[in-house]
Structure formats: C-alpha cells, structure tokens
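Letters go in sequence order (proteins before strands), and every chain restarts at 1.
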There are 2 protein chains.
Amino acid sequence: MLDRFDLQMLTALQQDARLPIPELAQRVGLSAPACYRRLRALRESGLIEREIALVAPKTMGWPVTMLVLVSLERDHSRIVDALIARLQTEPEVMDLWYVTGEQDFVLHVAARDMASYEAFTRRVLHDEEQVRSFTTLVVLGQPKRAGALPAI
Amino acid sequence: MLDRFDLQMLTALQQDARLPIPELAQRVGLSAPACYRRLRALRESGLIEREIALVAPKTMGWPVTMLVLVSLERDHSRIVDALIARLQTEPEVMDLWYVTGEQDFVLHVAARDMASYEAFTRRVLHDEEQVRSFTTLVVLGQPKRAGALPAI
DNA sequence: GGTGAAAGATTGACCGC
DNA sequence: GCGGTCAATCTTTCACC
C-alpha cells in the first residue's frame with residue numbers, strides 16, 4: 001500500500017524525473033537512502049513504468065501526427081488481442097487506447113508526411129480484415145502533453 | 001542542425017532517460033563530457049521538453065480515463081486560445097490535442113470515478129459557451145503509451 | 001571534442017527501532 | 001518490516017587543452 005511518502009515521490013517524479021533524490025528525500029522528510037529504497041520498490045513493482053525523455057515528434061523527423069478512431073467488424077477478444085499485438089509493434093503508433101462505444105480503438109500515430117501516413121493506413125488498417133472503418137483527425141497542435149496527475 | 005549523435009541520443013533517451021551517459025557516450029562514439037554537453041544543449045533548446053516518470057493514472061488515484069472529442073460553436077482563434085489556456089490548467093487533463101475536421105479538440109482526461117468525470121464535464125465543457133458538443137470514449141485499456149519514435 | 005580532477009548522486013553494508 | 005548513518009562507487013560537472 002502506498003503511503004504519503006510514495007505518493008509525494010510519484011507526484012514529483014512524474015513532473016521531473018531528474019530531480020536529485022537527496023533533494024526529494026529532504027522535501028518529503030526521508031533520508032536519501034530510504035528514498036532510494038522506496039524508489040527501487042516503485043520501479044520494480046512497475047508502479048513507475050518507465051522514465052523517459054519527452055521529445056516532440058517533429059524533432060525526430062515525424063512532423064505530422066494523427067488521432068485515428070478505429071471501429072472493428074466484431075470485438076471478439078481473440079481478434080482484439082491480435083490487433084493490439086500488431087499495433088504495439090508499429091513504430092508509428094505512439095499511443096494506443098482500447099475504448100468503449102462506437103469506436104473500438106484510438107491511435108496516436110506519427111508520420112513523415114501525408115503520403116507515408118496513407119501508406120501506414122493501407123498497410124495496418126485497410127488491409128486488416130477486422131477493421132470496419134476508421135476516421136482520421138489531423139493534429140494541428142498538442143498544447144498539453146503527459147500532464148502529471150496529483151495524488152488525490 | 002541535429003547530427004547523428006544527437007539523433008542517436010534522443011532515440012535512446014526517449015526509451016530510457018536513466019541510461020547512464022557514459023554508456024550512451026560509448027554507444028554513440030563520443031566521450032562522456034562531449035555527450036553531456038550535447039545533452040545540455042538539447043535540454044536548453046527545448047528539443048528535450050522534459051524528463052518524466054510514467055506512472056499509471058490509477059496508481060495516483062485516477063482509475064478511469066476518457067478520450068473526449070470536443071466540437072466548438074465556431075473556431076475563431078481568440079476562442080480557441082482561451083479554451084486551450086483553460087484546459088491546460090485543469091489537472092484532470094493529461095493530454096490535449098487541437099485537431100482538424102468534425103471535432104476541434106481531443107482531451108485525455110483522468111477521473112476518480114464516473115461521478116467526478118461528470119462533474120468535470122459540467123464544469124469545463126457544459127458550462128463553456130463555446131463548446132457545441134462532445135463525445136466521451138471510455139478507455140478500457142492503454143496497451144501502448146508514449147512509444148518512442150526512431151529517428152528517420 | 002578530449003582529458004583529468006572535483007563535486008554530487010547512487011548503492012551497499014550495517015545498526016537500531 | 002521500516003528507517004538511519006557511513007563509506008565505496010559511479011555519474012555528472014567543470015576546469016583546461
């Protein structure tokens with residue numbers, strides 16, 4: 001069970017993973033080694049999934065991103081699982097959500113340009129038997145990214 | 001302009017920001033201090049926006065997330081900018097995209113439960129004059145999050 | 001960009017509660 | 001089980017070339 005120390009640490013590290021642990025330790029009221037031990041436990045338990053650098057896609061040569069709403073023919077779990085496994089391996093897919101309602105999936109996809117996005121949809125969506133339809137929302141900007149959630 | 005050293009560094013740090021720089025330096029073929037100097041430049045120029053810990057929302061007490069498709073009455077830039085500024089400050093909003101097409105915005109929103117999501121929509125969307133309509137897609141799972149883009 | 005030294009961060013061993 | 005102190009090690013930074 002997470003106590004206030006863990007939650008304070010997670011709140012801080014979600015915003016800045018480079019915060020020196022001795023400083024964080026002082027802030028939450030622990031010694032540095034105690035804070036490191038908790039940090040290791042949070043990492044090993046998977047509560048901290050990864051620690052990453054946020055880089056704008058265009059920096060990496062992917063200037064255009066899209067949100068894609070995907071509807072399947074039928075949502076049997078075998079079909080869904082197979083498609084998830086496929087989509088996870090595609091480098092263009094930055095984020096993938098499995099949702100309720102009219103749509104079954106939402107993808108956040110990056111592309112070099114519109115032509116390669118079209119090639120992606122042909123390869124991954126259009127040729128996929130189980131995809132009934134999809135709608136593309138072209139992203140003009142992302143004013144907020146990976147906003148840190150406070151502990152409630 | 002970014003050379004292959006910068007791009008290799010960005011590719012690696014997008015996947016693991018805790019990679020020791022001496023190891024990254026060796027991997028890309030630089031000395032550690034040269035690698036540190038480039039890293040500082042990448043941070044100061046904003047190409048590395050932030051370095052963060054990825055924590056599942058439910059860990060922080062936000063077990064349910066939604067994708068919300070929002071349509072505005074009209075998309076004059078003054079209206080759009082004001083709404084963006086408002087949404088950026090809302091802690092429930094993890095991600096915010098500004099898109100083309102039928103919809104104007106897509107939000108990735110976290111909530112404690114459905115009741116507090118409803119309270120959020122009432123407060124931020126329903127009471128907002130400029131919001132014509134919105135559609136909620138309840139997220140059942142996020143099989144891929146913050147996928148790192150390779151340099152092209 | 002490289003080298004080498006200084007400062008700081010991280011880990012491990014050990015003790016006490 | 002938890003946290004604390006201390007010391008060894010590694011990472012990071014800062015000269016200087």
**Prompt:** Taking the side chain from A/Asp81 and the backbone from A/Ile84, do they hold a donor-acceptor pair closer than 3.5 Å?
**Reply:** no
**Message:** Taking B/Leu140's backbone N and O only, do any of them form a donor-acceptor pair with A/Thr100's side chain (distance below 3.5 Å, no angle check)?
**Reply:** no
Decide yes or no for [X] and [Y]: does some side-chain heavy atom of the first lie under 4.5 Å from some side-chain heavy atom of the second?
| X | Y | result |
| --- | --- | --- |
| B/Leu107 | B/Val124 | no |
| A/Gln103 | B/Leu67 | no |
| A/Trp62 | A/Arg112 | yes |

Tell me: [atom1] of [X] to [atom2] of [N], nearest whole Å?
| X | N | atom1 | atom2 | result |
| --- | --- | --- | --- | --- |
| A/Leu30 | C/dT10 | CG | C1' | 16 Å |
| A/Leu42 | C/dT10 | CG | C1' | 16 Å |
| B/Glu51 | D/dT12 | CD | C1' | 13 Å |

**Asked** For A/Phe105, which of A/Val68, A/Leu125, A/Val80 qualifies under side chain to side chain contact (heavy atoms under 4.5 Å, CB included)?
**Response** A/Val80
**Request:** Identify which one of A/Leu13, A/Ile52, A/Asp16 satisfies the side chain to side chain contact (heavy atoms under 4.5 Å, CB included) criterion when paired with B/Ile52.
**Result:** A/Ile52
**Request:** State, to 0.1 Å, how close B/Ala146 and B/Leu54 come at their nearest heavy-atom pair, and which atoms those are.
**Result:** CB-CD1, 4.0 Å
**Asked** By a strict heavy-atom criterion of less than 4.0 Å, which residues belonging to residues 32-40 of chain B are in contact with DNA chain C?
**Response** B/Pro33, B/Ala34, B/Arg37, B/Arg38
**Prompt:** What are the residues of residues 14-26 of chain B, sorted by number, that bring a heavy atom to within less than 4.0 Å of DNA chain C?
**Reply:** none
